[in-house]
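Bear in mind that the values here come from a model prediction, so they are computed numbers and not experimental data. So you know, we letter chains A, B, ... as the sequences are listed, proteins then strands, and number each from 1.
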Number of protein chains: 2
Amino acid sequence: MPKTPRQTTRRADALTKMKVVHAAIEILDAGGEAALTFRTLATRLATGSGALYWHVADRNTLLTDATADVLARTLSDLPKVDEPAPAIRAVALAVFDAIDAHPWVGSHLSQEPWHRAIGEIFERIGEQLEPLGVAADAEFDCASALTSYILGTASQNAINATRHPGGVDRETFLESVAERWIQDNPGRRPFIRRVAAQLRDHEDRRQFLAGIDLILSGACLR
Amino acid sequence: MPKTPRQTTRRADALTKMKVVHAAIEILDAGGEAALTFRTLATRLATGSGALYWHVADRNTLLTDATADVLARTLSDLPKVDEPAPAIRAVALAVFDAIDAHPWVGSHLSQEPWHRAIGEIFERIGEQLEPLGVAADAEFDCASALTSYILGTASQNAINATRHPGGVDRETFLESVAERWIQDNPGRRPFIRRVAAQLRDHEDRRQFLAGIDLILSGACLR
DNA sequence: ACCTGAACACCGTTCAAGT
DNA sequence: ACCTGAACACCGTTCAAGT
């Protein structure tokens with residue numbers, strides 16, 4: 001019997017940048033940013049770590065591309081909304097939910113505020129401000145404030161929502177945070193004492209939207 | 001002649017946690033988060049890398065402690081302000097400036113939203129809301145929105161303000177960001193086109209405060 | 001009690017060599 | 001053109017051994 005295999009070692013299907021990026025997203029979603037290494041990625045794609053560099057420049061660019069991929073899908077899936085305020089809320093919530101589902105997206109955007117996805121968000125928010133009735137000379141500040149708020153809040157929320165050491169649930173965790181904040185200066189944290197129960201029980205999405213509406217109603221006064 | 005040295009190798013002055021933290025802050029300020037390694041830190045303190053672990057638990061705790069040190073000084077230096085709105089603006093600006101001067105503080109706080117410094121900021125903001133006239137049931141949302149906005153905006157600003165590759169200045173950099181955002185979807189970025197000049201020329205602190213005031217005026221409507 | 005520095009188990013990235 | 005995998009130059013962290 002002749003030896004059957006001729007080129008067993010080589011990949012059958014060619015690697016592409018897209019395949020690399022999508023495999024990276026799976027790893028990031030499953031294990032967070034620390035889980036993404038060129039070794040695990042190469043193993044999952046059944047290739048050598050060097051092969052990956054033929055398709056992506058480096059780890060940071062890979063993270064940037066993965067972030068762009070997730071948010072491009074998120075934003076293009078968004079149904080058209082006619083009224084300006086609901087349209088802004090829809091964009092905000094979509095970004096919030098995407099970052100909640102992919103916390104590493106939030107961390108990466110925080111590190112790269114010039115990311116193309118931020119341009120897209122900024123445009124989608126900004127274009128609604130004139131129809132909303134925001135004064136022309138306040139539009140830029142308002143769009144900036146909303147964009148910053150959305151990204152900052154969503155990122156922080158996603159990290160808070162991540163499973164915490166010891167496997168404690170969200171409520172227990174938030175309660176312990178409030179308790180620690182009070183103990184850091186016992187007797188002089190009247191506000192945190194007063195809202196500790198809300199801190200424990202609040203719904204993140206609802207609170208997020210409340211902040212959006214705060215900014216919007218402030219913007220319409222000028 | 002007898003051999004003079006008896007214990008040349010040993011440190012003269014004992015290491016303390018505070019000395020380690022302060023040396024870390026110097027390294028972080030000079031070279032950013034990537035510059036802080038246990039090897040450079042040990043070299044600067046004229047000790048072995050293992051010695052550092054006697055005083056600090058690990059790299060992340062060191063970053064947490066360095067962040068706490070910077071912000072504790074920032075917040076305790078803050079002069080007392082009587083009027084609620086100016087008091088909130090003073091806290092916001094102090095945090096903004098501290099993160100501008102120490103960008104790694106912003107990145108670390110984004111990664112650790114339960115940090116004690118965030119509790120302090122949350123309290124200082126929250127305690128002003130009742131005197132400001134915010135409705136009782138809106139105080140929690142308002143304090144959360146302000147805190148998120150402050151941290152998110154300050155972090156992003158600090159990263160944008162960091163010296164960029166190629167040594168380009170801030171204006172040139174911001175101009176190229178606007179240009180890229182427009183080119184990502186040419187012909188369909190009317191808002192960014194309209195505000196591109198403002199994006200290039202805006203003052204960060206002024207814009208940051210504008211966002212604070214947007215939230216505050218929105219909060220006083222309820 | 002505190003410090004030293006080599007050793008361990010990782011990384012991202014490069015590159016000569018293969019197909 | 002694309003892939004392989006060893007090699008390089010780093011990391012954080014541990015730990016036996018010193019004082």
Side-chain angles (χ1 to χ4, degrees), chain A residues 3-28 30-67 104 107-108 111-112 165, chain B residues 3-28 30-67 104 107-108 111-112 165:
Chain A
K3 292 207 308 214
T4 19
R6 235 154 309 250
Q7 19 102 297
T8 33
T9 46
R10 213 65 194 290
R11 292 181 51 80
D13 52 330
L15 227 45
T16 60
K17 178 176 159 176
M18 248 191 52
K19 280 181 192 167
V20 176
V21 170
H22 288 156
I25 291 173
E26 285 175 36
I27 292 172
L28 288 161
E33 207 201 292
L36 181 69
T37 71
F38 276 80
R39 274 160 246 256
T40 59
L41 188 52
T43 303
R44 168 173 302 229
L45 288 167
T47 185
S49 61
L52 303 174
Y53 283 89
W54 187 266
H55 300 281
V56 297
D58 53 29
R59 187 175 185 275
N60 191 62
T61 307
L62 178 54
L63 239 8
T64 300
D65 291 341
T67 298
W104 50 274
S107 303
H108 187 74
Q111 231 67 44
E112 215 161 88
Chain B
K3 294 208 306 213
T4 18
R6 236 155 308 251
Q7 20 102 299
T8 32
T9 47
R10 213 65 192 290
R11 293 183 49 80
D13 52 331
L15 227 44
T16 61
K17 178 177 159 176
M18 247 191 52
K19 280 181 191 168
V20 175
V21 170
H22 288 155
I25 291 174
E26 285 175 37
I27 292 172
L28 289 161
E33 205 199 295
L36 182 69
T37 71
F38 277 80
R39 275 160 245 255
T40 58
L41 188 52
T43 302
R44 168 173 300 231
L45 288 166
T47 184
S49 60
L52 303 174
Y53 284 89
W54 187 265
H55 300 280
V56 297
D58 53 30
R59 187 175 187 275
N60 191 62
T61 307
L62 177 54
L63 239 8
T64 301
D65 291 341
T67 297
W104 51 273
S107 304
H108 187 74
Q111 233 66 45
E112 215 161 89

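Screening B:Asn60, B:Leu62, B:Val56 for a side chain to side chain contact (heavy atoms under 4.5 Å, CB included) involving B:Asp58 leaves a single residue, B:Asn60.
Taking only side-chain atoms of A:Leu15, from C-beta outward, the nucleotide of C:dT13, C:dA7, D:dC3 with the closest atom is D:dC3. Out of D:dG12, C:dC3, C:dG12, the shortest distance to the side chain of B:Ala14 is found at C:dC3.
Whole-Å rounding puts the A:Lys19 NZ to D:dC2 P distance at 12 Å. The distance between atom NE2 of B:His55 and atom P of C:dA1, rounded to the nearest whole Å, is 13 Å. Rounded to whole Å, atom C1' of D:dT14 lies 13 Å from atom CG of B:Leu52. Rounded to whole Å, atom P of C:dA7 lies 13 Å from atom CZ of B:Arg39. Rounded to whole Å, the distance from NZ on A:Lys17 to P on D:dC3 is 15 Å. Here the C1' atom of nucleotide D:dT13 and the OH atom of B:Tyr53 are 4 Å apart, to the nearest Å. Rounded to a whole Å, the CG atom of B:Leu63 is 11 Å from the P atom of D:dT13. Taking atom CZ on A:Phe38 and atom C1' on D:dC3, their separation rounds to 15 Å, with Å as the unit.
Between the side chain of A:Thr40 and the backbone N or O of A:Leu36 there is no donor-acceptor pair closer than 3.5 Å. Remark: the backbone N or O of B:Leu45 is not paired with any side-chain donor or acceptor of B:Lys19 at under 3.5 angstrom. Although no hydrogens or angles enter the test, the distance criterion places no donor-acceptor pair under 3.5 Å between the side chain of B:Thr61 and the main chain of B:Ala57.
Residues A:Ala51 and A:Thr40 each lie close to DNA chain C; by heavy-atom proximity, the contact nearer the 5' end of the strand is made by A:Thr40. Residue whose closest nucleotide on DNA chain D sits further toward the 5' end, between B:Arg59 and A:Ser49: A:Ser49.
The phosphate of D:dC3 (OP1 or OP2) has no side-chain N or O of A:Trp54 nearer than 4.0 angstrom.
When both distances must be under 3.5 Å, the Watson-Crick or G-U wobble mate of D:dC10 does not exist. The partner of D:dA17 is absent, by the rule that a Watson-Crick or G-U pair needs both atom distances under 3.5 Å. Using Watson-Crick or G-U wobble geometry with both donor-acceptor distances under 3.5 Å, C:dC3 finds no partner in any strand shown.
Side chains of B:Thr64 and B:His108: a donor on one and an acceptor on the other come within 3.5 Å.
In this structure, B:Leu36 reaches the sugar-phosphate backbone alone: every heavy-atom distance under 4.0 Å involves primed, P, OP1 or OP2 atoms, never a base.
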